[in-house]
Protein chains: 2
Amino acid sequence: MHYLYIKAMEEKVRHLLSQKDLKVTRVRLLVLGLLLQNRAAMSHAEISSIIGEDNIDKVTLYRTLNAFVEKGLAHKVATEDRNWLYAVYEENHETHTSEDHAHFVCDECEKIYCFPVDQTSFEITTQKKQGFKIRSREVRLHGLCPICN
Amino acid sequence: MHYLYIKAMEEKVRHLLSQKDLKVTRVRLLVLGLLLQNRAAMSHAEISSIIGEDNIDKVTLYRTLNAFVEKGLAHKVATEDRNWLYAVYEENHETHTSEDHAHFVCDECEKIYCFPVDQTSFEITTQKKQGFKIRSREVRLHGLCPICN
DNA sequence: ACAAATAATGCAACTGAGTTGCAATTAGGA
DNA sequence: TCCTAATTGCAACTCAGTTGCATTATTTGT
Ligand SMILES: [Mn+2]
Ligand SMILES: [Mn+2]
Ligand SMILES: [Zn+2]
Ligand SMILES: [Zn+2]
């Protein structure tokens, strides 16, 4: 399993959890560690199969992921085929911590990556339309990820 | 019910259906007529409740909507809460016929509207990132719709 | 206008991701 | 170490969406 890896970053994960008032548990260490080491966002099914269905109850995993989202440790992205993918907010990833990011969807492997985006330059591209008041923008980029490219 | 309205645009709907090799049936006339008169995209539940659950079987409605999508008469948008909304491709709506459009999500009523977008000016805002090859962009705008504004 | 061929419909049964309730276990502070 | 509240795991449940199939409606050719 991933105990070796998790051992190495365990301190960091422990810190992230306590920082958000989440008790440090076996399940949370496993899941957050896994999310941190994965660059692409992950689904419940994916996480479940990697960690092993015998090692985490499915309900606990749902609740764990929700807890991460509620505490602002992670966020979830709804895919086109209505799956949920989870990604941690983490500065090491070339991702983000803020809301100002786009999602990159690989046409080949269908993985989703978080992506920073220049919000201000984006604003000018979408002008107001009659009656509609635009408050914020959300971008989804499609193409090929580094692995499939 | 909507028979009055549908009677008026019935010819148009019939034409759209046959054009796409779809047989003209009571259910399809009702559903396509309703989609055409609604500016915002609609969910299965919404359509079902407007037309009346006694008037259309839920399975038939699922199959009807799928048929519209497969034949290119309509497209579906997955919402953030993982519902599917359906909207016809229709030039009367200030919407679109092509793929070059954004979706506007009202923060207040949560309705989704199709929206044309200037694709070329958008391209310059998102520059390539190391390894990622961007092929297309998808925009989601959040704000207030004309009704809620 | 009629009949045959083919597609659409409606119903019942099923599927499976996600939820709820609750009792047993565990983390963390006193 | 002990206490309390949070977390976990299991079983039961929910409900949107699917599947199979017998019935019905549409289209096309005569
Ligand atoms: Mn993201
Ligand atoms: Mn649209
Ligand atoms: Zn890829
Ligand atoms: Zn609105």
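FYI, side chains are in, hydrogens and waters are out, and symmetry mates aren't considered; it's all heavy atoms of this structure. Please read all numbers here as calculations on a predicted model, not as lab measurements. We name chains A, B, ... by the order of the sequence lines, and we start the count at 1 in each one.
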Check whether any side-chain nitrogen or oxygen of A:Arg26 sits under 4.0 Å from OP1 or OP2 of C:dA27, and answer yes or no.
->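 It does not, given that no N or O in the side chain of A:Arg26 lies less than 4.0 Å from OP1 or OP2 of C:dA27.
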Using only side-chain N and O atoms of A:Thr25, determine if any of them is under 4.0 Å from OP1 or OP2 of D:dT8.
->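 For D:dT8, OP1/OP2 do have a side-chain N/O of A:Thr25 under 4.0 Å.
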When the ring planes of B:Tyr62 and B:His44 are compared, do they come out parallel, tilted or perpendicular, using 30° and 60° as the limits?
->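 Rings of B:Tyr62 and B:His44: parallel, as their planes differ by under 30°.
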Look at the rings of A:Tyr89 and A:His75 and say which category their plane angle falls in: under 30° parallel, 30 to 60° tilted, over 60° perpendicular.
->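 Parallel: the ring planes of A:Tyr89 and A:His75 meet at under 30°.
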Could you state the atom-to-atom distance from [atom1] of [X] to [atom2] of [N] in whole Å?
| X | N | atom1 | atom2 | answer |
| --- | --- | --- | --- | --- |
| A:His15 | C:dG28 | NE2 | P | 15 Å |
| A:Lys23 | D:dA6 | NZ | P | 7 Å |
| B:Arg28 | C:dG10 | CZ | P | 11 Å |
| B:Arg82 | D:dG17 | CZ | C1' | 12 Å |
| A:Leu17 | D:dT7 | CG | P | 11 Å |
| B:Leu30 | C:dA8 | CG | P | 16 Å |
| A:Leu22 | D:dT7 | CG | P | 7 Å |
| A:Asp81 | C:dA17 | CG | P | 13 Å |

Identify which nucleotide among C:dG18, D:dT18, D:dC10 has an atom closest to any side-chain atom of B:Asn66, counting heavy atoms from C-beta outward.
->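 When the side chain of B:Asn66 is considered, D:dT18 is the closest of C:dG18, D:dT18, D:dC10.
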From the options D:dT18, D:dT8, D:dT27, select the nucleotide whose nearest atom is closest to the side chain of A:Thr60.
->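 My answer, after comparing the listed nucleotides, is D:dT8.
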Tell me what A:Arg14 touches on the nucleic acid: a base, only sugar-phosphate, or nothing, going by heavy atoms under 4.0 Å.
->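 It contacts nothing in the nucleic acid.
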Distances under 3.5 Å between protein N/O atoms and the N/O atoms of nucleotides 20-24 of chain C, please, pair by pair.
| unit_1 | atom_1 | unit_2 | atom_2 | d |
| --- | --- | --- | --- | --- |
| C:dG21 | O6 | A:Arg63 | NH2 | 3.4 |

Report yes if a donor N or O on one partner sits less than 3.5 Å from an acceptor N or O on the other, where the partners are the side chain of A:Lys58 and the base of C:dG18; otherwise report no.
->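 Counting by modelled atom types and ignoring angles, a donor-acceptor contact under 3.5 Å is found here.
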What is the minimum heavy-atom distance between B:Cys145 and B:Tyr113, and which atoms define it?
->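 Distance-wise, the nearest heavy atoms are CB-CE1, 3.6 Å.
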Between [X] and [Y], is any pair of side-chain heavy atoms under 4.5 Å apart?
| X | Y | answer |
| --- | --- | --- |
| A:Leu35 | A:Phe68 | yes |
| B:Met42 | B:Ile50 | yes |
| B:Glu80 | B:Val105 | no |

Report the residue from A:Arg140, A:His142, A:His103 that forms a side chain to side chain donor-acceptor pair (under 3.5 Å) with B:Glu138.
->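 Checked A:Arg140, A:His142, A:His103 against B:Glu138; only one passes side chain to side chain donor-acceptor pair (under 3.5 Å): A:His142.
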